[in-house]
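Take a look at the structure set out below.
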Amino acid sequence: MTGSSQLRRRRILTQRTVHLRFLMSNVGNSTNIMWHDCPIQKQDRQQLLQQQGCVIWLTGLSGSGKSTIACALSQSLHSKGKLSYILDGDNIRHGLNQDLSFRAEDRSENIRRIGEVAKLFADAGVICITSLISPYQKDRDACRALLSKGDFIEVFIDVPLHVCEARDPKGLYKLARAGKIKGFTGIDDPYEPPCSCEIVLQQKGSDCKSPSDMAEEVISYLEENGYLRA
Ligand SMILES: Nc1ncnc2c1ncn2[C@@H]1O[C@H](COP(=O)(O)OS(=O)(=O)O)[C@@H](OP(=O)(O)O)[C@H]1O
Ligand SMILES: Nc1ncnc2c1ncn2[C@@H]1O[C@H](COP(=O)(O)OP(=O)(O)O)[C@@H](O)[C@H]1O
(Lines give C-alpha, C1' and ligand atoms only; values in the text may rest on other atoms or scores of the structure.)
(Ligands and ions follow the chains in the order given, each with its own letter.)
Protein backbone atom coordinates (compact mmCIF):
# COMPACT_ATOMS: atom_id res chain seq x y z
CA MET A 1 0.00 0.00 0.00
CA THR A 2 1.44 3.43 -0.96
CA GLY A 3 1.88 6.22 1.59
CA SER A 4 -1.02 8.24 0.15
CA SER A 5 -3.48 5.33 0.10
CA GLN A 6 -2.51 4.48 3.70
CA LEU A 7 -3.22 8.09 4.65
CA ARG A 8 -6.61 8.02 2.85
CA ARG A 9 -7.56 4.74 4.61
CA ARG A 10 -6.61 6.18 8.01
CA ARG A 11 -8.65 9.33 7.27
CA ILE A 12 -11.72 7.22 6.31
CA LEU A 13 -11.36 5.14 9.49
CA THR A 14 -11.08 8.31 11.61
CA GLN A 15 -14.17 9.80 9.92
CA ARG A 16 -16.06 6.52 10.52
CA THR A 17 -15.09 6.52 14.21
CA VAL A 18 -16.16 10.17 14.60
CA HIS A 19 -19.44 9.35 12.85
CA LEU A 20 -20.04 6.30 15.11
CA ARG A 21 -19.22 8.38 18.22
CA PHE A 22 -21.88 10.84 17.05
CA LEU A 23 -24.41 7.98 16.95
CA MET A 24 -23.48 6.77 20.45
CA SER A 25 -25.68 7.73 23.36
CA ASN A 26 -25.90 7.49 27.11
CA VAL A 27 -29.29 6.37 28.35
CA GLY A 28 -29.77 6.14 32.10
CA ASN A 29 -26.86 4.05 33.40
CA SER A 30 -26.11 2.62 29.95
CA THR A 31 -23.20 4.50 28.41
CA ASN A 32 -21.80 4.37 24.84
CA ILE A 33 -24.73 2.49 23.38
CA MET A 34 -25.88 2.64 19.78
CA TRP A 35 -29.29 1.95 18.24
CA HIS A 36 -29.14 -0.78 15.58
CA ASP A 37 -31.85 -0.72 12.92
CA CYS A 38 -33.09 -3.70 10.90
CA PRO A 39 -34.35 -3.37 7.31
CA ILE A 40 -37.51 -5.31 8.28
CA GLN A 41 -39.63 -2.71 10.04
CA LYS A 42 -42.97 -2.48 11.86
CA GLN A 43 -44.76 -1.74 8.58
CA ASP A 44 -43.43 -4.98 7.02
CA ARG A 45 -44.63 -7.01 9.99
CA GLN A 46 -48.03 -5.31 9.90
CA GLN A 47 -48.31 -6.19 6.20
CA LEU A 48 -47.59 -9.80 7.06
CA LEU A 49 -50.18 -9.83 9.86
CA GLN A 50 -52.75 -7.62 8.09
CA GLN A 51 -53.28 -5.50 11.23
CA GLN A 52 -51.86 -2.47 13.03
CA GLY A 53 -49.64 -3.09 16.06
CA CYS A 54 -50.98 -1.10 19.00
CA VAL A 55 -51.51 -1.13 22.76
CA ILE A 56 -54.97 -1.44 24.28
CA TRP A 57 -54.46 -0.21 27.84
CA LEU A 58 -57.21 -1.47 30.17
CA THR A 59 -57.36 0.40 33.47
CA GLY A 60 -59.76 0.11 36.39
CA LEU A 61 -60.19 -1.03 39.96
CA SER A 62 -59.52 -4.57 41.10
CA GLY A 63 -62.60 -6.60 40.18
CA SER A 64 -63.73 -4.14 37.50
CA GLY A 65 -63.28 -6.84 34.85
CA LYS A 66 -59.90 -6.06 33.25
CA SER A 67 -58.69 -9.67 33.02
CA THR A 68 -62.09 -11.03 31.97
CA ILE A 69 -62.54 -8.37 29.26
CA ALA A 70 -58.91 -8.79 28.09
CA CYS A 71 -59.55 -12.52 27.54
CA ALA A 72 -62.88 -11.90 25.77
CA LEU A 73 -61.17 -9.35 23.53
CA SER A 74 -58.23 -11.63 22.73
CA GLN A 75 -60.64 -14.50 21.93
CA SER A 76 -62.69 -12.31 19.61
CA LEU A 77 -59.56 -11.01 17.82
CA HIS A 78 -58.25 -14.58 17.50
CA SER A 79 -61.50 -15.69 15.86
CA LYS A 80 -61.06 -12.87 13.33
CA GLY A 81 -57.51 -14.07 12.54
CA LYS A 82 -55.85 -11.18 14.39
CA LEU A 83 -52.79 -11.67 16.60
CA SER A 84 -53.04 -10.28 20.14
CA TYR A 85 -51.20 -10.84 23.41
CA ILE A 86 -52.26 -10.03 26.96
CA LEU A 87 -49.89 -8.50 29.53
CA ASP A 88 -51.80 -8.97 32.79
CA GLY A 89 -50.50 -7.18 35.91
CA ASP A 90 -51.12 -10.19 38.15
CA ASN A 91 -49.32 -12.52 35.71
CA ILE A 92 -46.33 -10.25 35.05
CA ARG A 93 -45.88 -9.95 38.82
CA HIS A 94 -45.28 -13.74 38.80
CA GLY A 95 -42.10 -13.22 36.72
CA LEU A 96 -40.57 -10.04 35.29
CA ASN A 97 -42.03 -7.83 38.06
CA GLN A 98 -41.85 -10.20 41.04
CA ASP A 99 -39.40 -7.81 42.73
CA LEU A 100 -42.07 -5.08 42.96
CA SER A 101 -44.50 -4.40 45.81
CA PHE A 102 -47.67 -2.26 45.84
CA ARG A 103 -45.95 0.89 47.16
CA ALA A 104 -46.52 3.90 44.90
CA GLU A 105 -43.00 3.86 43.43
CA ASP A 106 -43.17 0.11 42.75
CA ARG A 107 -46.58 0.43 41.07
CA SER A 108 -45.04 3.17 38.87
CA GLU A 109 -42.12 0.91 37.97
CA ASN A 110 -44.54 -1.98 37.27
CA ILE A 111 -46.45 0.24 34.85
CA ARG A 112 -43.28 1.66 33.25
CA ARG A 113 -41.87 -1.81 32.55
CA ILE A 114 -45.17 -3.12 31.19
CA GLY A 115 -45.44 0.03 29.04
CA GLU A 116 -41.99 -0.69 27.57
CA VAL A 117 -42.81 -4.35 26.92
CA ALA A 118 -46.15 -3.36 25.36
CA LYS A 119 -44.29 -0.96 23.08
CA LEU A 120 -42.12 -3.85 21.83
CA PHE A 121 -45.21 -5.98 21.15
CA ALA A 122 -46.83 -3.10 19.22
CA ASP A 123 -43.61 -2.71 17.23
CA ALA A 124 -43.79 -6.43 16.47
CA GLY A 125 -47.18 -5.70 14.86
CA VAL A 126 -49.14 -7.39 17.65
CA ILE A 127 -52.31 -5.98 19.24
CA CYS A 128 -51.07 -5.87 22.82
CA ILE A 129 -53.74 -5.82 25.54
CA THR A 130 -52.51 -4.68 28.94
CA SER A 131 -54.59 -5.41 31.98
CA LEU A 132 -53.39 -3.74 35.14
CA ILE A 133 -54.92 -1.38 37.67
CA SER A 134 -52.44 1.38 36.69
CA PRO A 135 -53.97 3.75 39.24
CA TYR A 136 -51.99 6.91 38.51
CA GLN A 137 -52.67 9.21 35.56
CA LYS A 138 -49.03 10.30 35.21
CA ASP A 139 -47.83 6.70 34.79
CA ARG A 140 -50.46 5.98 32.12
CA ASP A 141 -49.54 9.24 30.35
CA ALA A 142 -45.86 8.25 30.42
CA CYS A 143 -46.73 4.94 28.69
CA ARG A 144 -48.82 6.80 26.11
CA ALA A 145 -45.81 9.05 25.43
CA LEU A 146 -43.66 5.98 24.60
CA LEU A 147 -45.82 5.22 21.57
CA SER A 148 -46.62 6.98 18.30
CA LYS A 149 -49.87 8.92 18.14
CA GLY A 150 -52.82 6.55 17.83
CA ASP A 151 -50.89 3.48 18.97
CA PHE A 152 -52.03 3.81 22.62
CA ILE A 153 -55.72 3.18 23.21
CA GLU A 154 -56.66 3.84 26.82
CA VAL A 155 -59.78 1.98 27.96
CA PHE A 156 -61.32 2.91 31.31
CA ILE A 157 -63.39 0.10 32.82
CA ASP A 158 -65.64 2.40 34.76
CA VAL A 159 -67.11 0.13 37.42
CA PRO A 160 -67.80 1.80 40.78
CA LEU A 161 -66.04 0.62 43.93
CA HIS A 162 -69.22 -0.76 45.53
CA VAL A 163 -69.81 -3.05 42.52
CA CYS A 164 -66.18 -4.26 42.49
CA GLU A 165 -66.38 -4.83 46.21
CA ALA A 166 -69.61 -6.80 45.89
CA ARG A 167 -68.01 -8.97 43.18
CA ASP A 168 -64.77 -9.42 45.17
CA PRO A 169 -63.68 -12.34 42.93
CA LYS A 170 -60.52 -13.02 44.96
CA GLY A 171 -61.78 -12.01 48.41
CA LEU A 172 -59.17 -9.21 48.54
CA TYR A 173 -61.60 -6.37 49.38
CA LYS A 174 -62.77 -8.36 52.39
CA LEU A 175 -59.17 -8.72 53.56
CA ALA A 176 -58.46 -5.01 52.87
CA ARG A 177 -61.55 -3.93 54.86
CA ALA A 178 -60.40 -6.16 57.71
CA GLY A 179 -57.02 -4.39 57.61
CA LYS A 180 -55.25 -7.58 56.52
CA ILE A 181 -54.04 -6.00 53.25
CA LYS A 182 -52.61 -2.49 53.56
CA GLY A 183 -52.62 0.03 50.70
CA PHE A 184 -55.36 -1.65 48.68
CA THR A 185 -56.51 0.38 45.66
CA GLY A 186 -59.87 2.04 46.27
CA ILE A 187 -59.79 1.30 50.03
CA ASP A 188 -56.68 2.98 51.43
CA ASP A 189 -54.77 3.68 48.22
CA PRO A 190 -55.86 6.03 45.42
CA TYR A 191 -57.25 5.32 41.96
CA GLU A 192 -57.21 8.25 39.54
CA PRO A 193 -59.80 7.73 36.76
CA PRO A 194 -58.63 8.79 33.28
CA CYS A 195 -59.57 12.41 32.47
CA SER A 196 -59.51 11.77 28.75
CA CYS A 197 -59.29 8.34 27.19
CA GLU A 198 -60.28 6.67 23.94
CA ILE A 199 -62.95 4.32 25.33
CA VAL A 200 -65.05 4.17 28.51
CA LEU A 201 -66.76 0.86 29.25
CA GLN A 202 -69.62 1.06 31.72
CA GLN A 203 -73.03 -0.36 32.51
CA LYS A 204 -75.71 2.19 31.69
CA GLY A 205 -79.10 2.02 33.43
CA SER A 206 -80.77 -1.37 33.13
CA ASP A 207 -78.66 -2.21 30.06
CA CYS A 208 -76.55 -5.08 31.47
CA LYS A 209 -73.43 -5.65 29.38
CA SER A 210 -71.52 -8.92 29.49
CA PRO A 211 -67.69 -9.05 29.24
CA SER A 212 -68.02 -10.06 25.57
CA ASP A 213 -70.41 -7.11 24.89
CA MET A 214 -67.70 -4.83 26.32
CA ALA A 215 -65.00 -6.56 24.28
CA GLU A 216 -67.11 -5.99 21.15
CA GLU A 217 -67.20 -2.23 21.92
CA VAL A 218 -63.40 -2.26 21.75
CA ILE A 219 -63.47 -4.36 18.55
CA SER A 220 -65.84 -1.79 16.94
CA TYR A 221 -63.38 0.99 17.82
CA LEU A 222 -60.50 -1.02 16.27
CA GLU A 223 -62.52 -1.73 13.12
CA GLU A 224 -63.71 1.87 12.72
CA ASN A 225 -60.18 3.21 13.16
CA GLY A 226 -58.47 0.81 10.75
CA TYR A 227 -56.45 -1.27 13.25
CA LEU A 228 -57.72 -4.58 11.85
CA ARG A 229 -56.20 -4.07 8.40
CA ALA A 230 -52.64 -3.38 7.23
N1 LIG B 1 -52.53 -3.52 47.64
C2 LIG B 1 -53.08 -3.95 46.48
N3 LIG B 1 -53.74 -3.09 45.68
C4 LIG B 1 -54.28 -3.55 44.52
N5 LIG B 1 -54.18 -4.82 44.06
C6 LIG B 1 -53.49 -5.70 44.84
C7 LIG B 1 -52.93 -5.30 46.06
N8 LIG B 1 -52.34 -6.40 46.63
C9 LIG B 1 -52.51 -7.42 45.77
N10 LIG B 1 -53.21 -7.02 44.71
C11 LIG B 1 -53.48 -7.89 43.54
O12 LIG B 1 -52.62 -7.42 42.50
C13 LIG B 1 -53.35 -7.12 41.33
C14 LIG B 1 -53.01 -5.73 40.81
O15 LIG B 1 -51.75 -5.75 40.22
P16 LIG B 1 -51.38 -4.63 39.16
O17 LIG B 1 -50.00 -4.96 38.70
O18 LIG B 1 -52.44 -4.58 38.15
O19 LIG B 1 -51.40 -3.29 40.05
S20 LIG B 1 -50.78 -1.87 39.73
O21 LIG B 1 -51.12 -1.51 38.34
O22 LIG B 1 -49.33 -1.95 39.92
O23 LIG B 1 -51.39 -0.95 40.70
C24 LIG B 1 -54.81 -7.15 41.69
O25 LIG B 1 -55.39 -7.85 40.61
P26 LIG B 1 -56.73 -7.36 39.86
O27 LIG B 1 -57.80 -7.76 40.80
O28 LIG B 1 -56.70 -8.22 38.62
O29 LIG B 1 -56.70 -5.91 39.56
C30 LIG B 1 -54.88 -7.90 43.00
O31 LIG B 1 -55.17 -9.25 42.75
N1 LIG C 1 -69.50 -6.95 32.30
C2 LIG C 1 -68.53 -7.55 32.97
N3 LIG C 1 -67.26 -7.40 32.55
C4 LIG C 1 -66.24 -7.98 33.21
N5 LIG C 1 -66.38 -8.75 34.31
C6 LIG C 1 -67.63 -8.95 34.77
C7 LIG C 1 -68.73 -8.33 34.12
N8 LIG C 1 -69.82 -8.69 34.80
C9 LIG C 1 -69.40 -9.46 35.80
N10 LIG C 1 -68.10 -9.65 35.79
C11 LIG C 1 -67.33 -10.45 36.78
O12 LIG C 1 -66.51 -9.57 37.54
C13 LIG C 1 -65.29 -10.23 37.88
C14 LIG C 1 -64.16 -9.39 37.36
O15 LIG C 1 -62.95 -10.00 37.71
P16 LIG C 1 -61.60 -9.75 36.92
O17 LIG C 1 -61.81 -9.91 35.46
O18 LIG C 1 -60.57 -10.61 37.59
O19 LIG C 1 -61.33 -8.21 37.21
P20 LIG C 1 -59.95 -7.45 37.37
O21 LIG C 1 -58.97 -8.10 36.42
O22 LIG C 1 -60.26 -6.03 36.99
O23 LIG C 1 -59.56 -7.60 38.80
C24 LIG C 1 -65.33 -11.62 37.25
O25 LIG C 1 -65.75 -12.55 38.24
C26 LIG C 1 -66.36 -11.47 36.15
O27 LIG C 1 -67.05 -12.66 35.87
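Sequential numbering from 1 along the given sequence is applied to the chain's residues. All values below were derived from every heavy atom in this structure, side-chain atoms included, with hydrogens, water molecules and symmetry-related copies excluded. Remember, predicted model here, so these are calculated numbers, not experimental data. Atoms within a ligand are numbered from 1 in the order they appear, just like the ligands themselves.
At the top of the distance list for atom 21 (O) of ligand 1, counting protein heavy atoms only, stands Ser134 N, 2.8 Å. The protein heavy atom nearest to atom 2 (C) of ligand 1 is Phe184 CD1, 3.4 Å. Looking only at protein heavy atoms, the nearest one to atom 18 (O) of ligand 1 is Ile133 N, 2.9 Å. What sits closest to atom 16 (P) of ligand 1 on the protein, heavy atoms only, is Arg93 NE, 3.7 Å. Regarding atom 13 (C) of ligand 1, its nearest protein heavy-atom neighbour is Asp90 OD1, 3.5 Å. In terms of protein heavy atoms, atom 3 (N) of ligand 2 is closest to Pro211 CG, 3.5 Å. For atom 3 (N) of ligand 1, the nearest non-hydrogen atom of the protein is Arg107 NH2, 3.1 Å. Nearest to atom 23 (O) of ligand 2 among the protein's heavy atoms is Gly63 N, 2.7 Å. Distance from atom 25 (O) of ligand 2 to its nearest protein heavy atom, with residue and atom name: Pro169 CB, 4.1 Å. At the top of the distance list for atom 26 (P) of ligand 1, counting protein heavy atoms only, stands Lys170 NZ, 3.2 Å. Closest protein heavy atom to atom 19 (O) of ligand 2: Gly65 N, 3.1 Å. Atom 30 (C) of ligand 1 has Leu172 CD1, 3.4 Å as its closest protein atom, hydrogens excluded (heavy atom only).
The local environment of CZ in Arg167 is crowded, with over 12 non-hydrogen atoms from other residues, nucleotides or ligands closer than 6.0 Å. Shown here is Lys80, whose NZ atom has more than 12 heavy atoms of other residues, nucleotides or ligands within 6.0 Å. Taking a 6.0 Å sphere around CD of Gln43, one finds it holds 12 or fewer heavy atoms contributed by other residues, nucleotides or ligands. For Asp37, the CG atom sits in a packed shell: over 12 heavy atoms of surrounding residues, nucleotides or ligands are nearer than 6.0 Å. Counting heavy atoms of neighbouring residues, nucleotides and ligands inside a 6.0 Å radius, atom OH of Tyr85 does not exceed 12 of them.
Nearest-residue assignment for atom 24 (C) of ligand 2 (options Thr68, Asp88, Val159; heavy-atom criterion): Thr68. Between the choices Asn110, Asp188, Leu132, the shortest heavy-atom distance to atom 20 (S) of ligand 1 belongs to Asn110. Nearest residue to atom 6 (C) of ligand 2 from Lys66, Lys209, Arg167 is Arg167 (criterion: closest heavy atom).
Proximity to Gln203 (heavy-atom distance under 4.0 Å) selects the following atoms of ligand 2: 1 (N). Residue contact check: Lys66 has heavy atoms under 4.0 Å from atoms 29 (O) of ligand 1. Atom numbering of ligand 1 starts at 1 in the shown order; those under 4.0 Å from a heavy atom of Ser62 are 26 (P), 27 (O), 29 (O). Using a 4.0 Å cut-off to heavy atoms of Leu61, the atoms of ligand 2 that qualify are 22 (O). For ligand 2 and Ser62, the ligand atoms under 4.0 Å from any heavy atom of the residue are 23 (O). Within the listing of ligand 1, atoms 3 (N), 4 (C) sit less than 4.0 angstrom from a heavy atom of Thr185.
The shortest separation from a heavy atom of Ser64 to ligand 2 is under 4.0 Å, placing the residue in contact. Distances from ligand 1 to the non-hydrogen atoms of Asp189 include no value under 4.0 Å.
No part of Asp213 comes within 4.0 Å of ligand 2, judged by heavy-atom distances. When heavy-atom distances to ligand 2 are checked against a 4.0 Å cut-off, Ser210 comes that close only through its backbone atoms N, CA, C and O. Residue contacts with ligand 1 for Phe102 involve side-chain atoms from C-beta outward but no N, CA, C or O (heavy atoms, distance under 4.0 Å). Contacts between Pro135 and ligand 1, counted as non-hydrogen atom pairs separated by less than 4.0 Å, involve the side chain only.
Side-chain atoms of Ser76 do not come within 3.5 Å of backbone N or O of Ala72 as any donor-acceptor pair. For Gln51 (side chain) and Gly125 (main-chain N/O), a donor-acceptor pair under 3.5 Å exists by modelled atom type. Under a 3.5 Å cut-off, the side chain of Arg107 and the backbone N or O of Leu100 do not form any donor-acceptor pair. Listed for the Asp168 side chain is a donor-acceptor partner under 3.5 Å among the backbone atoms of Tyr173. For Lys82 (side chain) and Ile127 (main-chain N/O), no donor-acceptor pair under 3.5 Å exists by modelled atom type.
The CG atom of Leu172 sits 5.5 Å away from the OG atom of Ser62 when rounded to the nearest 0.5 Å. Rounded to the nearest 0.5 Å, atoms CD (Gln41) and CG (Asp123) are 8.0 Å apart. Here the straight-line distance linking atom CZ of Phe184 with atom CG of Leu61 works out to 9.0 Å at 0.5 Å rounding.
At least one N or O atom of Gly183 sits closer than 3.5 Å to an N or O atom of ligand 1. Residue Ser131 has no nitrogen or oxygen atom sitting less than 3.5 Å from a nitrogen or oxygen atom of ligand 1, judged on distance alone.
Heavy atoms only, all atoms of each residue included: Gln203 and Lys209 are closest at OE1-N, 2.6 Å. The nearest pair of heavy atoms linking Cys143 to Ile111 is SG-O, 3.5 Å.
Atom 27 (O) of ligand 2 lies below 4.0 Å from none of the non-hydrogen atoms of the protein.
In this structure, Arg140 fails the cation-pi test against Phe152, since its NZ or CZ atom is not both closer than 6.0 Å to the six-membered ring centre and inside 45 degrees of the ring normal.
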### Task
I would like to know whether Glu154 and Thr59 meet side-chain hydrogen bond (donor to acceptor under 3.5 Å, both in side chains); could you show each step before the answer?
CA-CA 8 Å; Glu154 192 173 348; Thr59 174; 5.7 Å; no
